[in-house]
Amino acid sequence: MPYRIAVLPGDGIGPEVMEPTLQIAAVAASKAGVEIEFTSHVFGAGHYRDTGEALSQPVVEDCKAADAVLLGALGLPSVRTADGIEIQPTMMMGLRRALDVYAAVRPIKRYAGVKTPLSTDAKIDFVILRENLEGLFASFGGGSILNDEVATDTQVITRRGTDRISRFAFELSKKRNGRPLDGKRLVTCVDKANIFRSFAFFRKVFDEVAADYPDIATDHQYVDAASMLMLQRPEAYDVAVMENQFGDILSDLGAGFVGGLGMAPSGEIGDEFGLFQPSHGSAPDIAGRGLANPIAMILSAGMMFEWLGDVHQDKAAKKAGTAIESAVAEMLAGGGPMTKDIGGSASTGDVASAVLECIANE
Ligand code: ATP
């Protein structure tokens, strides 16, 4: 039986980075001996503007019926609901909630050949693990404004949510090679436990889970300190787990270390479903001009194969995932074409073709 992938190209640069990624995924799959088929859906802010439909139930149901979901990007700044709020979060949060994908895995990895703003040459290879459904984002769709004077959104941290994201962090560290500095497996809990009860609770539950993983070292950092320490010594991190909003912010910071959002893939994973998308949004400022860096999307497809391989204990799927990442690494290290965001002048298509060539030759 082929793996069936629900494909949501979405808005802005989403379709531009999705199209070549599907070609690359198909070639990688066929070379690794994996059968794969794609079901593409119209879904996004553009569709909402044209039809008034935000979260199409048939599409959500098909995402659940598929083996994995590949998403390009959602959102157009001009497309808003009657109260002036962008439609994007309604769709993104709705999809995340429907699929119960509680763990956003955001690898921060430096590839040889890509210039970064950091002066250090240290190897950078860590994961920001963002709790994807609770925290401050749990308030999405709620919140209150009182008399046009006071506005509130409530942070929600639950034992169940914290337990499962912490467990995910340790399981993820087990699969990795430790931090680049010295190979030590380390899970860093990033919080603000010195100020807020909710974060003190997050830390307490994290520590309880940590006790089940005595072979993996732990650390605690306040989010403000973490944003400085990560910049100073990125090689000292393996897996850093945190609340939703903190993960949203620190994963963009981390992306900045390794060349920007065009280099930052992600996998949003739950106990049943997996949704893979670049960390970036629809980048309307560059859409339609062939400027989008497709690497984050391509690497996200690689993560999808790795995850399928894990879930189905399928070595061939894992091989397809490794082949995609190796091809990207080889292309970049070999001085291959790069888009403007990482200092080159190549088009989306040029970059994708070079990756495709590396896979074909592997
Ligand atoms: P969202 O909140 O939906 O994630 P955002 O507001 O963070 O979106 P993005 O759409 O990710 O915004 O874009 C932020 C900046 O990064 C823009 O200037 C955009 O052009 C640039 N950017 C994002 N993705 C890419 C990419 N793949 N290639 C090149 N530049 C990109």
Side-chain angles (χ1 to χ4, degrees), residues 8-21 24 43-49 54 70-81 85-96 101 104 106-109 111 114-117 128 130 132 136-137 140 244-268 275-303 328 331-332 336-352 354-355:
L8 313 177
D11 301 300
I13 62 170
E16 296 171 43
V17 293
M18 181 65 82
E19 199 236 351
T21 297
I24 289 168
F43 186 80
H47 182 63
Y48 172 78
R49 180 193 53 212
L70 259 189
L71 170 65
L74 296 176
L76 293 171
S78 60
V79 181
R80 290 168 188 262
T81 54
I85 294 175
E86 256 199 71
I87 193 66
Q88 189 267 5
T90 302
M91 288 183 289
M92 200 59 254
M93 295 288 297
L95 203 52
R96 284 176 180 151
V101 282
R106 299 189 159 185
I108 306 297
K109 187 163 177 179
Y111 288 94
V114 179
K115 284 202 202 86
T116 77
I128 297 280
R130 168 185 178 185
N132 213 25
L136 194 53
F137 281 72
F140 175 72
N244 206 334
Q245 168 86 337
F246 287 170
D248 187 31
I249 298 168
L250 286 195
S251 59
D252 268 29
L253 176 73
F257 296 173
V258 294
L261 288 169
M263 295 299 299
S266 88
E268 303 187 26
L275 179 154
F276 298 83
Q277 63 165 327
S279 292
H280 61 72
S282 60
D285 54 329
I286 57 164
R289 293 156 60 198
L291 294 173
N293 185 348
I295 290 177
M297 180 82 243
I298 295 168
L299 290 172
S300 303
M303 289 176 73
V328 167
M331 187 282 282
L332 292 168
M338 295 189 199
T339 43
K340 194 169 164 216
D341 55 311
I342 51 171
S345 57
S347 68
T348 310
D350 293 338
V351 174
V355 175

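Start at 1 and go down the list; that is how both ligands and their atoms are numbered.
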Run down the list I286, I342, V17 and name the one with the heavy atom closest to atom 29 (C) of ligand 1.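 The option holding the nearest heavy atom is I286.
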
Going by heavy-atom distance to atom 18 (O) of ligand 1, choose the closest among D285, L291, I295.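 Of the listed residues, D285 has the closest heavy atom.
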
Top protein contact for [atom], by heavy-atom distance:
| atom | answer |
| --- | --- |
| atom 21 (C) of ligand 1 | A283 CB, 4.5 Å |
| atom 28 (N) of ligand 1 | N293 N, 2.9 Å |
| atom 15 (C) of ligand 1 | L261 CD1, 4.5 Å |
| atom 1 (P) of ligand 1 | G281 CA, 3.9 Å |

Within-cut-off N or O pair, H280 and ligand 1, under 3.5 Å: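 Among all N and O atoms of H280, at least one is under 3.5 Å from an N or O of ligand 1.
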
Take every heavy atom of A292, measure it against each atom of ligand 1, and state whether any distance is under 4.0 Å.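 For ligand 1, residue contact (heavy atoms, under 4.0 Å) with A292 is present.
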
Any heavy atom of S282 closer to ligand 1 than 4.0 angstrom?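 It does; at least one heavy atom falls under 4.0 Å.
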
Closest heavy-atom contact between [X] and [Y]?
| X | Y | answer |
| --- | --- | --- |
| A352 | P294 | N-CG, 4.2 Å |
| P77 | P284 | CD-CG, 3.4 Å |
| M297 | L70 | CE-CD2, 3.7 Å |

Give the C-alpha distance, both sets of side-chain angles, the deciding distance and a yes or no for side chain to side chain contact (heavy atoms under 4.5 Å, CB included) between L332 and I295. CA-CA 10 Å; L332 292 168; I295 290 177; 3.8 Å; yes

Could you see which bit of I13 sits under 4.0 Å from ligand 1, with heavy atoms only: side chain, backbone, both or neither?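 Near ligand 1, I13 shows its side chain, while the N, CA, C and O stay back.
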
Taking heavy atoms and a distance under 4.0 Å, where does Q88 meet ligand 1: side chain, backbone, both or neither?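 The answer is the side chain of Q88.
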
State whether the side chain of D350 and the backbone N or O of P337 hold a donor-acceptor pair below 3.5 Å, judged by distance alone.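 Checked: no pair found.
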
Are the side chain of N132 and the backbone of V101 linked by a donor-acceptor contact shorter than 3.5 Å?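 It does hold such a pair.
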
Test item: protein heavy atom less than 4.0 Å from atom 4 (O) of ligand 1: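 Within 4.0 Å of atom 4 (O) of ligand 1, protein heavy atoms are found.
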
Protein heavy atom under 4.0 angstrom of atom 24 (N) of ligand 1, is there one?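 Yes; the ligand atom in question has protein heavy-atom contact below 4.0 Å.
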
Check against side chain to side chain contact (heavy atoms under 4.5 Å, CB included), Y48 and L76: CA-CA 10 Å; Y48 172 78; L76 293 171; over 6 Å; no

Considering the heavy atoms of G262, write down every atom of ligand 1 situated less than 4.0 Å from one of them.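 In order of number, 26 (C), 27 (N).
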
Does R96 qualify as a cation-pi partner of F140, given the criterion of NZ or CZ under 6.0 Å from the six-membered ring centre and within 45 degrees of its axis?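 The answer is no, since R96 fails at least one limit relative to F140.
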
Scan I342, T348, L261 and name whichever one has a side-chain contact (heavy atoms from CB on, under 4.5 Å) with N293.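 Result: among I342, T348, L261, I342 is the only option passing the side-chain contact (heavy atoms from CB on, under 4.5 Å) with N293.
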
